[in-house]
Amino acid sequence: MKKVRIRERIEEMSDYCDVEVALVVVGGKWKLLILKYLVDGPQRFGELRRALPGITQRMLTRQLRELENDGIVSRTVHAEVPPRTEYRLTEIGDSLRALISDLDEWGKWYRGHLLNRLDAPDS
């Protein structure tokens, strides 16, 4: 069975826009949210699933695999019964810590900005 490539290989992407590379690796609806929880430390699959109630099991698995393939997240399977799998940031993933924090702060600021606009009386 032939493996289907979903995205362009990063090493084959044009070098004129590195933001595109970053978006390919951490973009989308779920990846940054997954990383936000992993910044706090290792998480089990079920913990991530509970933290992200809108994500399906299939999508969480897919996103974690992509992050793992890109070297952002590592997966450790502990030989226990039942098996316990933990996900954590790699050194490369940890380099995103400041970016994730900045995006979180910006989101808080922007939410407040919108709420202030909605609460302001019409001019």
Side-chain angles (χ1 to χ4, degrees):
M1 184 180 206
K2 188 175 182 178
K3 189 174 182 179
V4 177
R5 188 181 330 161
I6 296 174
R7 67 176 202 200
E8 184 178 2
R9 293 173 51 117
I10 291 170
E11 60 274 11
E12 295 172 359
M13 295 175 82
S14 301
D15 59 356
Y16 65 88
C17 185
D18 292 326
V19 170
E20 183 180 9
V21 172
L23 288 175
V24 165
V25 176
V26 298
K29 182 175 180 179
W30 299 110
K31 286 183 181 176
L32 280 172
L33 292 172
I34 292 166
L35 295 174
K36 180 183 183 307
Y37 288 104
L38 292 177
V39 162
D40 295 333
Q43 301 283 318
R44 294 174 69 174
F45 185 88
E47 292 171 322
L48 289 169
R49 182 87 193 276
R50 283 187 295 280
L52 303 164
I55 195 168
T56 64
Q57 183 170 334
R58 181 174 181 250
M59 181 57 73
L60 180 55
T61 299
R62 180 176 167 195
Q63 299 295 280
L64 285 166
R65 281 186 186 149
E66 287 180 14
L67 289 166
E68 187 179 4
N69 288 338
D70 287 329
I72 307 298
V73 168
S74 67
R75 178 175 61 119
T76 304
V77 179
H78 299 277
E80 301 173 352
V81 178
R84 179 171 52 100
T85 304
E86 285 184 335
Y87 296 89
R88 69 181 67 233
L89 294 178
T90 63
E91 188 175 331
I92 295 169
D94 199 53
S95 72
L96 294 166
R97 188 178 296 271
L99 173 73
I100 292 165
S101 176
D102 288 347
L103 283 171
D104 193 45
E105 286 300 313
W106 187 87
K108 280 182 208 160
W109 171 83
Y110 189 72
R111 181 192 308 262
H113 171 75
L114 284 180
L115 292 173
N116 288 338
R117 272 186 34 204
L118 292 173
D119 290 341
D122 291 339
S123 302

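As the structure is a prediction and not an experimental result, all values here were calculated from the model.
Minimum heavy-atom separation, Ile34 to Gln63: CD1-CB, 3.6 Å. Nearest heavy atoms, Val26 versus Leu32: O-CG, 3.5 Å.
Other members of the cluster containing Trp109 are Trp106, Tyr110, Leu114, with ILVMFWY side chains joined at under 4.5 Å, either directly or via other members.
Applying the salt bridge (Lys or Arg N to Asp or Glu O under 4.0 Å) test to pairs two or more places apart or on separate chains, none has a residue in residues 34-45.
Partners of Leu115 by side chain to side chain contact (heavy atoms under 4.5 Å, CB included), not counting sequence neighbours, listed by chain and number: Arg111. Residues satisfying the side chain to side chain contact (heavy atoms under 4.5 Å, CB included) criterion with Val81, sequence neighbours excluded, are absent altogether.
Interatomic distance, Asn116 CG to His113 NE2, rounded to the nearest 0.5 Å: 8.5 Å. Within the model, atoms CG of Leu23 and NZ of Lys31 stand 10.5 Å from one another, a figure rounded to the nearest 0.5 Å.
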Going by atom type alone, with no hydrogens or angles, which donor-acceptor pairs under 3.5 Å involve a side-chain atom of residues 85-105 and a protein atom two or more places apart or on another chain?
{"unit_1": "Glu86", "atom_1": "OE1", "unit_2": "His78", "atom_2": "NE2", "d": "3.3"}
{"unit_1": "Glu86", "atom_1": "OE1", "unit_2": "Arg88", "atom_2": "NH2", "d": "3.3"}
{"unit_1": "Glu86", "atom_1": "OE2", "unit_2": "Arg84", "atom_2": "NH1", "d": "3.1"}
{"unit_1": "Thr90", "atom_1": "OG1", "unit_2": "Gly71", "atom_2": "O", "d": "2.4"}
{"unit_1": "Thr90", "atom_1": "OG1", "unit_2": "Ile72", "atom_2": "O", "d": "3.2"}
{"unit_1": "Thr90", "atom_1": "OG1", "unit_2": "Ile92", "atom_2": "N", "d": "3.3"}
{"unit_1": "Thr90", "atom_1": "OG1", "unit_2": "Gly93", "atom_2": "N", "d": "3.1"}
{"unit_1": "Asp94", "atom_1": "OD1", "unit_2": "Arg97", "atom_2": "NE", "d": "2.9"}
{"unit_1": "Asp94", "atom_1": "OD1", "unit_2": "Arg97", "atom_2": "NH2", "d": "2.5"}
{"unit_1": "Ser95", "atom_1": "OG", "unit_2": "Ile92", "atom_2": "O", "d": "2.4"}
{"unit_1": "Arg97", "atom_1": "NH1", "unit_2": "Val39", "atom_2": "O", "d": "3.0"}
{"unit_1": "Glu105", "atom_1": "OE2", "unit_2": "Lys108", "atom_2": "NZ", "d": "3.3"}

What donor-acceptor contacts under 3.5 angstrom involve side-chain atoms of residues 49-60, with partners at least two apart or in another chain?
{"unit_1": "Arg49", "atom_1": "NE", "unit_2": "Ile55", "atom_2": "O", "d": "3.3"}
{"unit_1": "Arg50", "atom_1": "NH1", "unit_2": "Gly46", "atom_2": "O", "d": "3.4"}
{"unit_1": "Thr56", "atom_1": "OG1", "unit_2": "Met59", "atom_2": "N", "d": "3.0"}

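Taking the side chain as every heavy atom from C-beta outward, Leu64 and Glu68 never approach each other to under 4.5 Å.
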